[in-house]
There are 2 protein chains.
Amino acid sequence: MRIGELSEATGVDVETIRYYERSGLLQEPERRANGYRAYGPVHLERLSFIRHCRALDMPLADVQRLLGFVERPQADCGDINQLIDEHLARVRARLKSMQALEKQLTALRTHCEAGHTAAECGILHELVAAAHGEACACHPGAAPKT
Amino acid sequence: MRIGELSEATGVDVETIRYYERSGLLQEPERRANGYRAYGPVHLERLSFIRHCRALDMPLADVQRLLGFVERPQADCGDINQLIDEHLARVRARLKSMQALEKQLTALRTHCEAGHTAAECGILHELVAAAHGEACACHPGAAPKT
DNA sequence: CCTTGACCCTTTAGCGGCTACAGGGTGTTC
DNA sequence: GAACACCCTGTAGCCGCTAAAGGGTCAAGG
């Protein structure tokens, strides 16, 4: 199959496929006489694997490592667990900070309803207050250290 | 104050301060005879404002716009609301997908405990199964369309 | 006076993971 | 033979920094 077909089949953009090849994630395919890339089932599977890992937001370096395990089936599985655990820890940490952020923004948002000028805007006041190190709706813990 | 002192006072890295200046977020300060940047209270306040907005994960373009409102206090506050609402929507969307991701990874993680080879690893099997478009622990909805 | 070391300067390049050109070749269809 | 979809390479841009190279400045200590 040509690159466009592979793209269609996997949902991965053509440019991204070429990028994965350049990055060494996807093995270089054969070329037809006209220079077009000719992909087979191996590439389809591998690219689908990559795509799935990316859907789980794994960095490409991790995907690379996982692909290594696929190639070396006798390797120790503990390393895979560790990889997933580390990734999960990163995701959970990020999730936690996102939740805090959502709270902060929601709090900030309550400080203004439309219909007046920026000078009277509660949101802007909050942000400026924060810039002075005062306690603000969005960062309640950040009271001045006086 | 010099750039190091401003950095100390705001918690923003020296390089980042220069980067903000290059990007037009922080106004260019006066220079001393030796070429050192000389900052005043104006810069301190402005940089603190920027830092606070960044703590709320706002893109620099949004921060730029907010700074515009600070400078034009008679502008319509509705635009500020809109900016915050859009940002909040982005954050919530991201939060939702992070939560789904966390679930998917947690499900995936249950498929393996250490102590065997990659060939027997449930995690790897799940990922490969997903590459075949089969239903997997991490993407239960993605069953084959046969 | 000289050296050390902390600070400052500019310019440039790199990170991750794409994405978007520019400028060309190929291959099918009307 | 021309239009069009597809393919190729190479390079540059996105965001928000971060780091490094290669230098200048200045105060304190010997």
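Side-chain atoms are counted along with the backbone in the values below, which use heavy atoms only and exclude waters and symmetry mates.
The CG-C1' distance, from B/Asp13 to C/dC7, rounds to 14 Å in whole Å. Whole-Å rounding puts the A/Ile3 CD1 to C/dT26 C1' distance at 15 Å. Taking atom OH of residue B/Tyr39 and atom C1' of nucleotide C/dC9, one finds them 12 Å apart after rounding to whole Å. Atom CG in A/Asp57 sits about 15 Å away from atom P in C/dG16, given to the nearest Å. Regarding A/Ile17, its CD1 atom lies at a distance of 13 Å from the C1' atom of C/dC18, rounded to whole Å. For B/Glu15 and C/dT11, the CD to C1' distance is 11 Å, given to the nearest whole Å. The CZ-C1' distance, from B/Arg32 to C/dC8, rounds to 10 Å in whole Å. Summarising the geometry, the separation between OH on A/Tyr36 and P on C/dG25 is reported as 12 Å, rounded to the nearest angstrom.
The side chain of B/Arg37 contributes an N or O atom lying less than 4.0 Å from OP1 or OP2 of C/dT10. Contact between the side-chain N/O atoms of A/Thr16 and the OP1/OP2 oxygens of C/dT19 is found at a separation under 4.0 Å.
In this structure, A/Glu15 pairs ionically with A/Arg18, as a charged nitrogen and a carboxylate oxygen lie closer than 4.0 Å. A salt bridge links B/Glu71 with B/Arg46: at least one charged nitrogen is closer than 4.0 Å to a carboxylate oxygen.
Annotation: cation-pi pair B/Arg22/B/Tyr20 absent, no NZ/CZ under 6.0 Å from the ring centroid and within 45° of its normal. The cationic group of B/Arg51 does not satisfy the cation-pi geometry with B/Phe49, failing either the under 6.0 Å distance to the six-membered ring centre or the 45° limit from the ring axis.
For B/Arg31, counting side-chain heavy atoms from C-beta on, the closest listed nucleotide (C/dT10, C/dT11, C/dG17) is C/dT10. Here the side chain of A/Asn34 is nearest to one of C/dG17, C/dT10, C/dT26, namely C/dT26. For A/Leu60, taking side-chain heavy atoms from C-beta onward, the closest of the listed nucleotides C/dC21, C/dG17, C/dG27 is C/dG17.
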Worksheet item: side chain to side chain contact (heavy atoms under 4.5 Å, CB included) between A/Leu108 and B/Leu88: does it pass, once the steps are laid out?
Response: CA-CA 10 Å; A/Leu108 183 62; B/Leu88 195 46; over 6 Å; no
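Two residues, A/Tyr19 and B/Arg2, neighbour DNA chain C, and the one matched to the more 5' nucleotide by heavy-atom proximity is B/Arg2.
Among the protein residues, A/Arg18 comes within range of the nucleic acid bases, having at least one heavy atom under 4.0 Å from a base atom.
A nucleotide of DNA chain D counts as in contact with chain B when one of its atoms lies under 4.0 Å from a heavy atom; the first and last such, 5' to 3', are D/dG16 to D/dC26.
Here the straight-line distance linking atom CZ of A/Arg90 with atom CG of A/Asp85 works out to 11.0 Å at 0.5 Å rounding.
With no hydrogens or angles considered, a side-chain donor-acceptor pair links A/Thr106 and B/Arg92 at under 3.5 Å.
Not a single donor-acceptor contact under 3.5 angstrom links the side-chain atoms of A/Tyr20 to the base of C/dG17.
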